[in-house]
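Okay, structure first, notes after.
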Amino acid sequence: MNLFDRLSNGWNIAMNSWTVLRENRKLILFPILSGISLMLIFFSFAVVAFAAAGWNVDGFGNLREQSTAVSYALVFVYYLINYFVVVFFNTALVHCTHLYFNGEKPTIRQGLQFAMTRIGAILSWAAFAATVGTALRILQDNLGSVGKFITGLIGIVWSVATFFVVPVIAYENLGPIGAFKRSTELMRKKWGERLGAGFSFGLVQLLGILIAGALGFVLGWAIHPLAGIVIFALGVFATMVLASAVKMVFISAVYHILNGDAVQHFNQQFADNLFVSK
């Protein structure tokens, strides 16, 4: 299968993923809960850091100089909680899409209950990912521009290699390193489809942000700047939520197709002929 066929396949799966989400609009609640949780976590850590700095912005530098180990420990905890929240809700969403592909009508409760049964695996992966993230942060802080370049490259490789890690954690009895290797194996098989879908998601995100920006500008000019800022922020949040949900539907669909599982309601004829052997 050549590159253009792979890109076309990725685009088609992405479009089918939008259709699945339209037919199961309640699944959008998972990325909404995840997004709200992440914002609350961020503000909580910001308040703690601000308080530790003596409620003074200039105190942040002194705080970091006084205890680098404590700073990186806080970074690790922050990453750990963030990864846990994201993977927990994504696992719930992936399971709901799995039920839908099997011809069932998934509920939010079913997704959350399944995620709870995988909480140990999710926490293990979050700890592994937080360790990698903290190590990259240490390199970035201590190697200057070279460190930023190196960590940037590693970050790109990491995001590609872990693309399928959520369904692997959900349905395969593997530890974090095993899940990483399995996700990498799946990505090697279907990297082109991922690129095609990534272009689709990126295009939709760009259009959503542009529309939100245009509406925010008009309302800010016609009513009040604050109204424009609020509309723009809500528009960006809605765009990111939709893109996140569709991306997880896409990941779930590709994962189950690769495993030979039934994928009903997903243009079955297209799916049956999609992943031919190379």
Side-chain angles (χ1 to χ4, degrees), residues 13-14 16-42 44 77-130 162-183 186 197 201 237-238 240-266 268 271:
I13 301 176
N16 275 273
S17 299
W18 282 104
T19 301
V20 170
L21 187 61
R22 283 201 306 270
E23 295 174 355
N24 296 270
R25 293 187 177 94
K26 59 180 175 292
L27 299 184
I28 298 176
L29 182 61
F30 290 122
I32 290 177
L33 291 173
S34 179
I36 293 174
S37 298
L38 292 179
M39 287 190 290
L40 291 175
I41 293 167
F42 172 79
S44 297
V77 174
Y78 178 74
Y79 285 162
L80 174 68
I81 297 174
N82 272 267
Y83 279 118
F84 178 83
V85 169
V86 170
V87 176
F88 178 85
F89 286 111
N90 281 346
T91 299
L93 176 54
V94 163
H95 184 63
C96 284
T97 60
H98 173 67
L99 295 177
Y100 179 73
F101 293 151
N102 284 332
E104 302 180 39
K105 293 184 178 180
T107 64
I108 299 299
R109 183 176 181 179
Q110 286 176 305
L112 294 176
Q113 286 178 334
F114 177 81
M116 287 298 296
T117 66
R118 303 298 298 152
I119 200 165
I122 294 171
L123 182 59
S124 296
W125 172 259
F128 175 67
T162 59
F163 192 71
F164 290 103
V165 80
V166 172
V168 171
I169 290 173
Y171 297 113
E172 300 185 26
N173 188 25
L174 296 173
I177 296 178
F180 177 82
K181 291 180 179 179
R182 173 61 173 155
S183 176
L186 294 172
F201 300 145
F237 181 76
M240 300 303 292
V241 163
L242 285 171
S244 175
V246 175
K247 178 182 175 181
M248 290 313 303
V249 173
F250 166 82
I251 292 172
S252 180
V254 175
Y255 174 81
H256 289 300
I257 291 171
L258 283 172
N259 284 341
D261 302 329
V263 188
Q264 298 183 36
H265 310 300
F266 197 83
Q268 188 63 45

Next on the checklist: Just so I know, are the side chains of F114 and V94 near enough to count as touching, which here means a heavy-atom distance under 4.5 Å?
Outcome noted: no
Item to check | Any L123 side-chain heavy atom under 4.5 Å of I119 side chain | outcome: no
Checklist entry - Would you say M39 has more than 12 foreign heavy atoms packed within less than 6.0 Å of its CE? => result yes
Next on the checklist: Apply side chain to side chain contact (heavy atoms under 4.5 Å, CB included) to residues F164 and I251 and explain how you reach the verdict.
Outcome noted: CA-CA 6 Å; F164 290 103; I251 292 172; 3.8 Å; yes
Checklist outcome for this item: CG (L38) and CD1 (I36) are apart, to the nearest 0.5 Å, by 10.0 Å
Next on the checklist: If I take atom CD from residue Q110 and atom NE2 from residue H98, how far apart are they, to the nearest 0.5 angstrom?
Outcome noted: 11.0 Å
Item to check | Side chain to side chain, L174 and V168, heavy atoms closer than 4.5 Å | outcome: yes
Checklist entry - Quick check: does any side chain N or O of S44 sit under 3.5 Å from a backbone N or O of L40, one acting as donor and the other as acceptor? => result yes
Next on the checklist: Could you check whether any side-chain heavy atom of W125 comes within less than 4.5 Å of a side-chain heavy atom of V166, counting everything from C-beta outward?
Outcome noted: no
Next on the checklist: Would you compute the distance between atom OG of S37 and atom CD1 of I32 and round it to the nearest 0.5 angstrom?
Outcome noted: 11.5 Å
Next on the checklist: Tell me whether the rings of F88 and F84 are parallel (<30°), tilted (30 to 60°) or perpendicular (>60°).
Outcome noted: parallel
Checklist outcome for this item: CD1 (I108) and CG (L29) are apart, to the nearest 0.5 Å, by 4.5 Å
Checklist entry - What residue pairs, at least two apart or across chains, pass side-chain hydrogen bond (donor to acceptor under 3.5 Å, both in side chains) with a residue in residues 78-95? => result H95-Y171
Checklist entry - CZ of F101 to OH of Y255: how many Å apart, nearest 0.5 Å? => result 13.0 Å
Next on the checklist: Within the structure provided, determine whether P167 and S252 are in side-chain contact (heavy-atom separation under 4.5 Å).
Outcome noted: no
Checklist entry - Can you tell me how far the SG atom of C96 sits from the CD atom of E104, to the nearest 0.5 Å? => result 10.5 Å
Checklist entry - Side chains of L186 and R182: does their closest heavy-atom pair fall under 4.5 Å? => result yes
Item to check | Polar side-chain atom of S124 near backbone of G120 as donor-acceptor pair, under 3.5 Å | outcome: yes
Checklist entry - Within a radius of less than 6.0 Å around NZ of K181, do more than 12 heavy atoms belonging to other residues, nucleotides or ligands occur? => result no
Item to check | Which atom of A92 lies closest to which atom of L112, heavy atoms considered | outcome: CB-N, 3.9 Å
